[in-house]
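One structure below.
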Amino acid sequence: MSTTVEGAEARRTSPRHEQRRKGLNAGQGRRALFLVAPTVVLLGVVIVYPLVKAIFLSFQNDSGLDKATGMFVEGGFAGVDNYKHWLLAQCGTATGTSTCPPGNIGSLFWPALGVTVFFTVVSVAIEVVLGLWFATIMNRVFRGRGLVRAAILVPWAIPTAVTAKLWFFIFAYDGIANHLLGFVGVDPLLWTGDTWPSRFAVIFADVWKTTPFMALLILAGLQLIGSDVYEAAQIDGASRWQTFTRITLPMIKVPLMVAILFRTLDVLRIFDLPYILTGGGGGSGHATTTLSILVIKQIREGFHSASALSTIVFLVIALVAFLFIRFGGADVVQRPPKGKRGEKPVLPKNATVESTVEGN
Amino acid sequence: MAQQKRRRRVHAVLAAAAAVALTTAGCGGGSSSDSNSAAQGADSRGPITFVTGKDNSNVWSATIEKWNAAHPNEKVTLKEQSDQADQQHDDIVQHMQAKDPSYDIVTTDVVWTAEFAAKGWLVPLKDKFALDTSKLLKPTVAAATYNGTLYAAPFASDGGMLYYRKDLVPTPPKTLDEMWGMCSIAKKKNMGCYAGQFAKYEGLTVNAAEAINTAGGKIVDDQGKPTVDSPESVKGLQMLADHYKNGDIPKEAITFQEEQGRQAFESGKLLFLRNWPYVYNLAKTDGSSVVKDKFAVAPLPGVSGPGASSLGGHSEGIGAYSKHKATAFDFLKFIEEDAQQKFFMEKGSLAPVVASMYDDPALVAKAPYLPTLKTSIENAVPRPVTPFYPAVTTAIEDNAYAAMKGDKPVDQAIKDMQSAIASASH
């Protein structure tokens, strides 16, 4: 939180600050460097090195067999072959390259991307609607509010692996879900076997688990709207719908966008839930195979190719995050001085955004 | 200012997404065969470490105690891994990449042996380390042999058996045609006729390979080249697809792994079940089992005699970086002895690899399924022995699954299987 205060301070005293910065002597500069160094080194070790190494590995071939000895030998430089393998579904054969046959996971990149995007769009859309609804309820004053808030949090508190196993049993052929369907006269479904049931099983479990997260972030935004604004709207004769669309929504736009950003990135990387619930299967066998499941699968078959795939996934996610921040208004970065978007409520924004970052 | 703003944003994007790349980047590192390491320590003796998956039935601690009492200067230390096969595999890979000399003996699943051998991580069991395999069941030796050389000592085996309801089917079917013919009995009783492991996972590879091998097909040849595209293979897979379509294999069986099949059989919903020996004791004793005295086992049915089961089980290999390989080899010979093999069976229900054990009256009295299991293992065909096993099994699994569900014609699935196996090694 202190950064916000300093930021505000800097904004106000900007000219003097400039002056002082010029006036830093060599000793102060060195001390500053000394103080920042551990952070820079740590970030270098845990972020830059793995990233660069993964990109480096992605340009190497996976080790192949020496036909004479039957032993593995280093694959050597691959150029962009690994990327072609995924993006163009090109597989090596004895005579050159051809389209990857079904059963080679190189043929799965585009379907997996499609499945991942589908999960992201549908899950996040449902979560936003339900999250808004939950948050509105939790924001009211009524008896037992504490209990409701705690109850809504329960799914979020359960580890995803446990959630996934839980839904695995619920969606088993003779599980609760099919029993309930039986009561309304519907034939039992192969929840983990058929294309759409398996996809919706994953979405159902994901929504169940993460709606509380959405609701909490939105609730934090709602609580910063003063009751006087609503009173004024009431006096002006605004309808409930007008109050919601003209006051509530604009006021919570920033926390809402941040919540959507986090959830979108989460679902784009989703692994544990579909992996445990359906094993990536369903339909013709890949109805719930997401990009991350594909990466993990590939690691066992050769990690140079897996590095290429994870680099592609990284770029896809980076692009989505960038678009969100650039055009969606999910401003997770501290605004620099003299930011142009003065029309937005300043305080709620910074407060919410930072607490989100810390809470995650 | 605008530039600074943009730069900050780019940094944030990078930071936000970098975590994704972290998941795989840590696994880097190359692999190369090190021809010198196999020779090093060949004659030397001393304390060694024995690496195996979780010792749930305590067979290893007792066996090792016995060895240690007789070999005070060549003590064996037990290192237990997790009880998950994938984690055991990855643990061995990491230690071998790090050239860990303390991985003297490693336990490998039958399907990993070729990969570890081709990476140069296992000492070939020839010359100085030649192991006498004359008493062992042949398929168990074949599964541990890569490129004509034995790389690991089989220690426990496993094979599929046909569990059947003896109250409804007095004589078990000897051939597949007989078995499918008996499905009318199941239909009358309103129960499923046959199930195996048909969910899309390793179990499907096992079951599809059995259907293909039983019909006379062959998935790969001795050089690891795909040979699955044959009329016989089509016939084998077609059988599964047809009987899934006509309901002899109930529709929920497409989601069955071992356990779901066992539960269905125990609750009386299945006439025939293909499963491993572990089901036998559970189905006899489980509180929820309604078939306790109503079932028996038979060899998997084939075209005219027993079918070709896929082979399960584990072998023991000597780590290439071990410093005391002579001791490690002695320990391998020790676990192949009758006394130890018998103990593994009695204490841990681990199917012996020594053929004569299956005729031991004391053991048969305790585990009446042993003679059936022997037939199963004697007729077993190992799953493809190839260093690219993970890719090969995906090729089999994916295409067999699509064929069974009727998503594509069987002959197309077999063709795709052939090209996918071929592309695995490139």
Side-chain angles (χ1 to χ4, degrees), chain A residues 46-47 50-51 53-54 57 63-65 69-74 91-94 98 100-106 172-174 188 190 192-193 265 269 279 281 283-286 292 295 297 299-301 303 306-307 309-311 313-314 317-318 321-322 325-326 332-334 336-339, chain B residues 1 4-5 8-28 30-33 86 89-90 117-120 146-147 199-201 251-252 254-255 260 387-388 390-391 394-399 401-402 405 407-408 416-417 419-426:
Chain A
V46 301
I47 294 177
L51 201 63
K53 177 90 184 185
L57 285 176
S63 48
L65 275 194
T69 60
M71 292 300 194
F72 274 109
V73 286
E74 289 288 349
C91 277
T93 61
S98 70
C100 290
N104 182 300
I105 68 173
Y173 184 73
D174 45 8
L190 288 180
T192 53
L265 298 191
R269 302 179 306 214
S284 320
H286 306 287
S292 296
V295 174
K297 257 188 167 180
I299 285 178
R300 318 224 43 224
E301 298 187 13
F303 41 61
S307 295
L309 181 57
S310 70
T311 305
V313 176
F314 159 69
I317 294 176
F322 174 76
I325 293 170
R326 190 79 184 83
V332 273
V333 192
Q334 178 103 76
K338 291 180 190 165
Chain B
M1 275 306 161
Q4 187 189 357
K5 189 165 150 188
R8 281 196 193 179
R9 279 186 178 154
V10 171
H11 285 318
V13 174
L14 281 175
V20 187
L22 283 175
T23 51
T24 54
C27 307
S31 57
S32 61
S33 47
D86 284 355
H89 172 275
D90 297 349
K119 296 260 178 184
Y146 172 63
N147 247 1
K200 205 184 78 63
Y201 78 119
K251 79 165 181 171
E252 65 268 26
I254 201 82
T255 63
Q260 288 89 344
F388 302 102
T394 307
I396 300 171
E397 233 174 87
D398 278 21
N399 289 299
Y401 191 77
K405 294 196 68 174
D407 291 344
K408 63 176 153 186
D416 289 342
M417 202 184 279
S419 12
I421 295 173
S423 73
S425 56
H426 287 281

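Numbers restart at 1 for each chain; the letters A, B, ... are given by sequence-line order, proteins then strands. The basis for the numbers below is simple: all heavy atoms, side chains too, and nothing from hydrogens, waters or symmetry mates.
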Close side-chain approach of B:I254 and B:Y401, heavy atoms under 4.5 Å: yes

Can A:V313 and A:R269 be said to form a side-chain contact (heavy atoms from CB on, under 4.5 Å), step by step? CA-CA 8 Å; A:V313 176; A:R269 302 179 306 214; 5.9 Å; no

Side chain / backbone / both / neither for A:S98 at chain B, heavy atoms under 4.5 Å: neither

Evaluate the criterion side-chain contact (heavy atoms from CB on, under 4.5 Å) for residue pair A:M71 and B:N147; output intermediate values, then yes/no. CA-CA 10 Å; A:M71 292 300 194; B:N147 247 1; over 6 Å; no

Under a 4.5 Å heavy-atom cut-off, does chain A meet the side chain of B:Y146, its backbone, both or neither? side chain

What option among A:L65, A:T192, A:L309 has the most heavy-atom pairs under 4.5 Å with chain B? A:L65

Is it the side chain or the backbone of B:A199 that comes within 4.5 Å of chain A heavy atoms, both, or neither? neither

Candidate pair B:E252 and B:Q260, rule side-chain contact (heavy atoms from CB on, under 4.5 Å), full reasoning: CA-CA 10 Å; B:E252 65 268 26; B:Q260 288 89 344; over 6 Å; no

Donor-acceptor contact present, side-chain B:D398 to main-chain A:N104, <3.5 Å: no

Which bit of B:K408 is near chain A, if near means a heavy-atom gap under 4.5 Å: side chain, backbone, both or neither? side chain

Part of B:T255 lying under 4.5 Å from any heavy atom of chain A: side chain

